[in-house]
Protein chains: 2
Amino acid sequence: MCREHGLALTIQRRTILEELAARTDHPTADQIYEAIKDLLKGVSKTTVYRVLETFVSFGIVRKVSNPEAKARFDADTSRHHHATCLHCGLVMDVHDQDLNKLKFPVHIVNGFEFVDYSINFTGLCTHCRTARGNVGPR
Amino acid sequence: MCREHGLALTIQRRTILEELAARTDHPTADQIYEAIKDLLKGVSKTTVYRVLETFVSFGIVRKVSNPEAKARFDADTSRHHHATCLHCGLVMDVHDQDLNKLKFPVHIVNGFEFVDYSINFTGLCTHCRTARGNVGPR
DNA sequence: CTCCGTGCAAAAGGTTTGCACTGGT
DNA sequence: ACCAGTGCAAACCTTTTGCACGGAG
């Protein structure tokens, strides 16, 4: 997989991807580090961050939650949804009645009590779509 | 609104909430600070964080994105959804074919090019539901 | 008048960067 | 052998905490 993208296959990349692929709990960079530091004596946390970031930029791995991992606040507490620009991180509200009618997938996770949901659309905002390539992310 | 919750009505709380309510771009704490520091000479960033956190805990304001503001990674890049426990922050995968059939709300945002979407369900996991009150968040 | 709320400064994470060295190719 | 990738340490940035003062109720 690394080869396909022209990346050197290092033991760190292999171990980190194997660890991440083996779990479904969406670990943080630190959790990955904790999990592999025994198998890979001497790995640095820096490498974990760098490798994960590399994977993300090649689409091998996905980042859950907002790209910048900063807290964002919203005074509108009614059910509504969001559209996030993959390029610049802009977040816009999406109000759509149809999207508020989803039935909760109660059958899926036994024991989990559902309270609410929110849909996050990803894509490219007008500005980034027209100015593609001219502006860096963030 | 502050009164309703037994909170003192301070000029800081009023200004911060007014600023947040006036915009729909889901600002970060820092963006709020930048926006109000001129109207409110001498306000500290600490206060912005504290006031926002207070509002969140009273349900007046919502936090967009993950509660801990840490980056989380996922090796599964196919379309799937997540359920987040409001109490302990646990994130679980939700695989459900029906949820993958949403039609994009193309009409909503002119110019926005939709690529994909992901639904985030919030609620309480089995553990926190049974142990409610015994364990603190995180 | 009494506390809650604020400001300041410093600490506490999480994440990024500069630089020299090492291991893939 | 060359250069991408790694490790280390320090920098950076966001968020939290301790403490003393001041203003809301």
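Chain letters run A, B, ... following the sequence lines, proteins first and then strands; every chain starts at 1.
- Judged as a side chain to side chain contact (heavy atoms under 4.5 Å, CB included), and not counting sequence neighbours, the contacts of B/Leu9 are B/Cys2, B/Arg3, B/Arg14.
- Put simply, NE2 on A/His5 is 18 Å from P on D/dA4, counting in whole angstrom units.
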Using atom names, set out every protein N or O paired with an N or O of nucleotides 22-25 of chain D below 3.5 Å, distance rounded to 0.1 Å.
{"from": "D/dG25", "atom 1": "OP1", "to": "B/Arg3", "atom 2": "NE", "distance (Å)": "3.1"}
{"from": "D/dG25", "atom 1": "OP1", "to": "B/Arg3", "atom 2": "NH2", "distance (Å)": "3.0"}
{"from": "D/dG25", "atom 1": "OP1", "to": "B/Leu9", "atom 2": "N", "distance (Å)": "3.3"}

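- The rotation axes computed at either terminus of the helix from C/dC1-D/dG25 to C/dT25-D/dA1 lie 40° apart, taking five pairs at each end and rounding to 10 degrees.
- Between B/His82 and B/Asn120, the side chains place no donor N or O within less than 3.5 Å of an acceptor N or O (distance only, hydrogens not considered).
- Atom NZ in B/Lys45 sits roughly 16 Å away from atom P in C/dA10 (whole-Å rounding).
- When the C1' atom of C/dT6 is taken as reference, atom NZ of B/Lys41 falls 18 Å away, rounded to whole Å.
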Walk me through whether A/Asn100 and A/His80 qualify under side chain to side chain donor-acceptor pair (under 3.5 Å).
CA-CA 7 Å; A/Asn100 292 339; A/His80 66 280; over 6 Å; no
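- For C/dG7, the OP1/OP2 oxygens have a side-chain nitrogen or oxygen of B/Gln12 closer than 4.0 Å.
- Taking atom CD1 of residue B/Ile36 and atom C1' of nucleotide C/dG7, one finds them 13 Å apart after rounding to whole Å.
- Contact between the side-chain N/O atoms of A/Tyr49 and the OP1/OP2 oxygens of C/dT16 is not found at any separation under 4.0 Å.
- B/Asp76 and A/Thr24 form no side-chain donor-acceptor contact under 3.5 Å, judged by distance and modelled atom types alone.
- At a cut-off of 3.5 Å, with distance as the only test, no side-chain donor of B/Thr54 or B/Ser57 sits close to an acceptor on the other residue.
- Atom OH of B/Tyr33 is separated from atom P of D/dC13 by 15 Å (rounded to the nearest Å).
- If you measure from atom CZ of B/Arg14 to atom P of C/dT6, you get 14 Å, rounded to the nearest angstrom.
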Check nucleotides 8-10 of chain D against the protein and report each pair of N or O atoms closer than 3.5 Å, with its distance, or say if there are none.
{"from": "D/dA9", "atom 1": "N6", "to": "A/Thr46", "atom 2": "OG1", "distance (Å)": "3.2"}

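- With sequence neighbours excluded, the residues satisfying side chain to side chain contact (heavy atoms under 4.5 Å, CB included) with A/Glu19 are A/Arg23, A/Ile32, A/Ala35, A/Ile36.
- If you measure from atom CD of A/Glu53 to atom P of D/dT6, you get 14 Å, rounded to the nearest angstrom.
- Under the 4.5 Å side-chain criterion, counting only non-hydrogen atoms from C-beta, A/Asp25 is not in contact with B/Met92.
- Closest approach of A/Arg72 and B/Gln31 over heavy atoms only: NH1-OE1, 3.7 Å.
- Where B/Phe73 and B/Gly6 each meet DNA chain C at their nearest nucleotide, the meeting point lying more 5' is that of B/Gly6.
- Atoms CD (A/Gln31) and C1' (C/dG13) sit 14 Å apart, rounded to a whole Å.
- Considering every non-hydrogen atom in both A/Phe112 and B/Thr84, the closest pair reads CZ-O, 3.6 Å.
- Scored by the salt bridge (Lys or Arg N to Asp or Glu O under 4.0 Å) test, A/Arg62 finds B/Asp116 as partners (sequence neighbours excluded).
- Counting only distance, with no hydrogens or angles, the side chain of B/Tyr117 and the backbone of B/Leu102 share a donor-acceptor pair below 3.5 Å.
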